[in-house]
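Report on one structure; see the data block that follows.
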Amino acid sequence: MLFLHCIGKLPMRVSEFFLSTLKEAPAEAELPSHKLMLRAGLIRRLSSGLYSWMPLGLRVLRKVEAIVRDEMNRAGAIELLMPAIQPAELWQETRRWQKYGPELLRLKDRHDREYCFGPTHEEVITDIVRRELRSYRQLPVNFYQIQGKFRDETRPRFGVMRSREFIMKDAYSFHPDTASLEATYKRMHEAYTRIFTRLSLQFRSVAADTGSIGGTGSHEFHVLAECGEDAIAYCPQSDFAANIELAEAIAVPPPVQTPPEPLEKIATPQTRSIDEVSRFFNVASHQIVKTLIVENGQGDFIALLLRGDHELNEVKAAKLPQLGDDFRLANEDSIRTLTGSPPGSIGPIGLTIPIIADRSIALMENFITGANEEGFHYRHASFSRDLTKITLADIRNVKEGDPSPDQKGLLSLCRGIEVGHIFQLGTRYSETMNATFLDETGQSKPLVMGCYGIGISRIVGAAVEQCHDEKGISWPLSMAPFTVTICPIGFRKNETVRVAAEQLYLDLSALGIEVLLDDRDERPGVMFADMELIGIPLRLTLGERHLGHGQVELLSRGETASELIALQDAPGIIQSRLST
RNA sequence: CGGGGUAUGGCGCAGCCUGGUAGCGCGCUUCGUUCGGGACGAAGAGGCCGCAGGUUCAAAUCCUGCUACCCCGACCA
């Protein structure tokens with residue numbers, strides 16, 4: 001019976017494996033994928049954001065891992081493994097010990113030395129490389145690992161999709177120059193595309209913000225799903241796609257344009273929100289200008305202007321030199337002191353603090369805005385006539401229907417689960433950590449770096465989110481824990497059925513097919529429901545009824561009608577089904 | 001970090017308001033009958049009612065404190 005010895009290819013009997021399915025989902029789960037992963041016995045929660053991978057779930061995790069590893073190797077990356085625990089000194093070198101904040105889990109050893117549980121490994125790999133890499137002859141090189149990481153998330157949720165401990169593939173490449181980095185970056189982009197294609201997931205690669213890791217160019221890979229935590233803007237008429245955090249908003253004129261009229265101050269009691277102002281004046285929200293007062297890290301106040309129907313993009317705002325990444329909304333007291341008015345009646349006219357307006361504001365005439373006096377608003381305000389010394393910037397989120405930045409159509413929005421992120425880091429880490437090499441002319445230069453991450457455990461959750469129905473999970477072949485299940489009816493009682501099932505089990509195993517034989521003494525309904533819940537792609541049902549004619553039933557997960565095939569043809573038919 | 005909620009057997013829940021020997025469904029064990037879509041009957045096992053303190057003759061139930069977990073928010077004038 002032992003035809004195959006490599007891990008992950010073992011055939012299995014249910015009686016010798018461990019299935020632990022639940023009829024009802026634990027109350028802690030909200031999302032379909034989270035509920036199903038618990039019900040199918042893929043994972044069990046240990047504590048908030050901490051999950052054990054049960055035997056069945058681990059098989060899926062290993063499948064994903066194997067595909068990622070295969071494609072990374074194929075793309076020329078070299079696997080290594082770094083410690084999960086990292087000394088504080090390394091993080092102090094890059095200042096991230098201070099900057100990373102409470103998400104970084106800090107620990108002390110018995111000698112009171114400080115460490116962190118690695119949320120990422122730029123520092124460690126750069127330290128390795130500065131000791132090992134000397135010459136341009138050794139470049140470029142791309143190291144990767146598949147490893148557990150820990151980020152102390154503000155709010156872990158969605159099971160394995162936003163857990164605190166998770167499995168990640170992270171790769172770091174080192175180059176003599178930017179051109180070499182760009183070549184590897186492109187290769188990684190292609191490898192990622194192959195990975196998600198092989199996993200049979202609906203995904204999209206989008207231009208992204210570089211966030212706290214820093215650097216120049218960056219793409220995220222998103223599995224498309226309603227529950228996704230990121231909004232993606234894309235243009236159906238072109239290949240433009242970007243995270244909404246980054247997508248450039250083109251200044252658009254308001255839909256209605258009217259000739260200028262004189263400025264008027266109007267009493268507007270009890271109107272504080274854009275909605276209320278819009279109702280009071282009976283105008284659309286795009287004819288209103290809202291004013292946000294923010295305070296930067298130095299304690300300076302700045303006013304931000306947005307059209308009433310637009311939202312502030314905090315990522316864009318944080319990049320403005322006047323604000324910086326630690327800006328926040330001013331509190332009510334500060335607003336009253338600065339404007340003489342409570343929030344709800346503030347506006348740009350007469351303000352003495354610096355004003356930054358979204359670019360769309362420059363196209364507005366006859367708009368309504370707060371008068372900096374409680375219960376009063378201006379109407380017929382004009383950008384060109386009434387506002388002075390204003391800085392224009394792109395500080396808003398794009399909206400559905402906005403022009404695409406590439407001018408090739410209109411933007412649509414969708415949501416995605418971020419499962420991969422690639423960055424061109426440049427020399428940010430190599431310079432601060434002094435990781436250099438000697439070029440052809442004998443000159444010492446900082447290494448140019450790239451880094452490339454994939455959330456292995458998150459992919460499993462995202463896949464369930466995308467591939468399930470009312471009966472349970474429906475795995476793509478590439479990540480199914482088993483590819484085919486044999487459900488013999490009356491296995492323990494019917495000699496004919498048992499002999500046929502055992503033979504089929506051996507034949508399929510011999511072909512290297514991952515088969516799960518349900519040899520439990522269960523009624524068919526129980527077997528079927530379990531196999532559907534855990535999402536095995538193919539099911540062979542053996543019963544006395546059809547075996548009498550030498551036939552078995554073949555059913556694909558997700559389909560309702562099974563087909564009758566000859567018992568002796570079954571292994572061949574399954575094999576050909578798997579290769580197409 | 002702010003707001004809300006929950007905590008009773010492996011899972012899902014009732015009981016709490018109005019204190020008095022802890023219950024239901026699923027699952028589990030044994031026996032019997034069943035046997036192609038989550039069987040039926042009978043008999044069982046399993047619970048410091050999250051933790052600590054208080055009130056009381058008596059606390060799952062009332063009071064105080066703590067802890068854990070979940071949800072919403074942390075984007076707007």
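Per chain, numbering begins at 1; letters A, B, ... match sequence-line order.
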Looking at B:A77, B:G38, B:C72, which one has an atom nearest to any side-chain atom of A:R155? B:C72

Using the P atom as the point on both nucleotides, what is the distance between B:G41 and B:G47, in whole Å? 26 Å

Sticking with atom C1', work out how far B:C11 lies from B:U18, rounded to a whole angstrom. 31 Å

Among the nucleotides B:C72, B:C69, B:G12, which one has an atom lying closest to any side-chain atom of A:R45? B:C69

Can you check the distance between B:G37 and B:U30, where both ends of the measurement are the P atom (answer in whole Å)? 25 Å

Do you see a donor-acceptor pair shorter than 3.5 Å between the side chains of A:E261 and A:N366? no

What interatomic distance, in whole Å, is found between C1' of B:G5 and the corresponding atom of B:G9? 23 Å

Considering only NZ, NE, NH1 and NH2 on the basic side and carboxylate oxygens on the acidic side, decide whether A:R396 and A:E248 come within less than 4.0 Å. no

For the side chain of A:E24, counting heavy atoms from C-beta on, which of B:G25, B:A77, B:G38 is nearest? B:G25

Among the nucleotides B:G25, B:A77, B:G36, which one has an atom lying closest to any side-chain atom of A:H546? B:G36

Using the P atom as the point on both nucleotides, what is the distance between B:C17 and B:G53, in whole Å? 23 Å

Please determine, for B:A52, whether a Watson-Crick or G-U wobble partner exists with both distances under 3.5 Å, and give it or none. B:U64

Heavy atoms under 4.0 Å, any strand shown: does A:R539 hit a base, just sugar-phosphate, or nothing? base

Are any side-chain N or O atoms of A:D386 and backbone N or O atoms of A:S382, one a donor and one an acceptor, separated by less than 3.5 Å? yes

Taking the same atom, P, in B:G12 and in B:G50, what whole-Å distance lies between them? 14 Å

A:I335 near the nucleic acid: base, sugar-phosphate alone, or nothing, with a heavy-atom cut-off under 4.0 Å? base

Taking atom types as they are modelled, would you say the side chain of A:E532 forms a donor-acceptor pair with the base of B:G37 within the 3.5 Å cutoff? yes

Side chain of A:P343: nearest nucleotide among B:A77, B:A74, B:G36? B:A77

Counting side-chain heavy atoms from CB outward, which of B:C75, B:G36, B:G73 is closest to A:P524? B:G36

Sugar-phosphate only, base, or nothing, as touched by A:N313 at under 4.0 Å among non-hydrogen atoms: nothing

Of the nucleotides B:G12, B:G38, B:A39, which one has an atom closest to the side chain of A:R523? B:A39

Checking contacts here: which listed nucleotide (B:C72, B:G12, B:A77) is nearest the side-chain heavy atoms of A:A27? B:G12

Can you tell which of B:A74, B:G36, B:G38 lies closest to the side chain of A:K23? B:G38

Go through B:C69, B:C72, B:G37 for me and flag the one nearest to the A:R157 side chain. B:C72

Pairwise C1' distance for B:U8 and B:G15, with rounding to whole Å: 9 Å

Scanning all shown strands, the Watson-Crick or wobble mate of B:C24 with both distances under 3.5 Å is B:G12

